[in-house]
Protein chains: 2
Amino acid sequence: MPRRAGLTAQKVVELALSIVDSAGLDGLTLARVAEAAGVATPSLYKHVAGLPDLRERVARVVLAGLTDRTREAVIGVSGDDAIRALMDAYRSYLVEFPNRAGFLISPPPTVDPREDLLAVVLAVLRGYRLEGSEAIHAARILRSSVHGFASLEAAGGFGYREDLDESFRRLAGVIVMGLRERV
Amino acid sequence: MPRRAGLTAQKVVELALSIVDSAGLDGLTLARVAEAAGVATPSLYKHVAGLPDLRERVARVVLAGLTDRTREAVIGVSGDDAIRALMDAYRSYLVEFPNRAGFLISPPPTVDPREDLLAVVLAVLRGYRLEGSEAIHAARILRSSVHGFASLEAAGGFGYREDLDESFRRLAGVIVMGLRERV
DNA sequence: GGCATTGAGCTAACTACATTAGCTTAATGG
DNA sequence: CCATTAAGCTAATGTAGTTAGCTCAATGCC
């Protein structure tokens, strides 16, 4: 085993993320990250400031990943289809990485990385001629509903797994109609 | 200080709940509950099986409280007003007790206490002539959207506090319309 | 090439917490 | 009045986060 493991903050965060995916939110401990990195626990402090800091870094990566996926999903799509694409992207991210849901509702960190996701949503809403405060309300409606569905699904919060796709399709339909009709 | 503190499982859970309300989800520790009860930590094991058990008990109380409030909110109300009342009740519970939000998406315990809340929702939906699988989809739409909004709000997930009432009013409007129009 | 500086990693030690084992004793009921 | 039960205790163990301070490998400068 080499004296220098060549760790970086980024590698630590990547390891943390894979631990979250396999062991859940509560499974993320510095001890486990250190073990995965082949390093003693206190050594991690050379790269991150502690567990809260690591959590915040992981949260940023998660949010960035979701934002990227969402951004790509709406390329070349507009109107109702863009709304559906947005919602599908958000949900599918949490279906793929259910343990990451907890990082999407964290207390506001120093600099808010949610702005980027909001920007994508607002861009789509502009296709509905929704702007300014109207667009903010619409974005909240959109985010609330899709976040609610996806995080309940990720946590196993729905009784039955059956027909979840159909439920989600209907939810998207309701939202699309609501936004179109300017409720 | 009397030799017997006269603790019961119920009192332990009540103390735990008030700690959650004041110190947050992560602030709930056996050590803190014991201190509040005027008892040594291991003594709690005479009443609850451990921290996971205590959490589950707290989750049940939270869900029961929400269910009660929701049930009362829809007494003597029907149709669109009932939907709005339902949504308002859910949200206002989390506005009042934001730290309890985390207990509303827990992995399914042994016996599922969410059935009661679902029953209330389904009763309201019957006022829309929504039954069977249609009602299940509608209930999920309702719960997803209100839970998403309320838990994002509770976690400070929205950038600005201003206009949250208006945003929620619009969300309710969208959902009511969607359910009415059978999307 | 030698040497000073830097910083990555280490061990040791401390804290907080959950949990288990086993003791003590107050309350209760026959 | 005594036997039983159970509520509370102390002691001890294990895990985790964190801090302090040491060591030495890598780097760059002379």
Salt bridge present between [X] and [Y] (N-O < 4.0 angstrom):
X      : Y      : value
A/R84  : A/D88  : no
B/E96  : B/R69  : yes
A/E166 : A/R169 : yes

**Request:** Please work out which residues in residues 10-19 of chain B have a non-hydrogen atom less than 4.0 Å from an atom of DNA chain D and list them by number.
**Result:** none
**Message:** For a quick test of reading the model: is some side-chain N or O of A/S43 closer than 4.0 Å to OP1 or OP2 of C/dA8?
**Reply:** no
**Request:** Ignoring backbone atoms, test whether A/H47 places a side-chain nitrogen or oxygen under 4.0 Å from the OP1 or OP2 oxygen of C/dG7.
**Result:** no
**Item:** Contact pattern, 5' to 3', of nucleotides 13-18 of chain C - B, S or - by protein heavy atom under 4.0 Å
**Value:** ----SS
Calculate the interatomic distance between [X] atom [atom1] and [N] atom [atom2]; express it in whole Å.
X     : N      : atom1 : atom2 : answer
B/L44 : D/dG8  : CG    : P     : 9 Å
A/L7  : C/dC10 : CG    : C1'   : 13 Å
B/R55 : C/dT19 : CZ    : C1'   : 14 Å
A/E35 : D/dT15 : CD    : P     : 12 Å

**Prompt:** Does NZ or CZ of B/R100 come closer than 6.0 Å to the centre of the six-membered ring of B/F103, within 45° of the ring's axis?
**Reply:** no
**Request:** Verify the distance criterion only: is there a donor paired with an acceptor across the side chains of B/Y90 and B/R143 at less than 3.5 Å?
**Result:** yes
**Request:** If the plane angle is over 60° it's perpendicular, under 30° parallel, otherwise tilted; pick one for B/F149 and B/F158.
**Result:** tilted
**Message:** Any donor-acceptor pair, under 3.5 Å, between the side chain of A/K46 and the base of C/dG7, if you only look at N and O atoms?
**Reply:** no
**Message:** Closer than 3.5 angstrom, by distance alone: can the side chain of B/N99 be matched with the main-chain N or O of B/V20 as a donor-acceptor pair?
**Reply:** yes
**Message:** Can you give me the closest heavy-atom contact between B/M87 and B/S145, atom names plus distance?
**Reply:** CE-OG, 4.2 Å
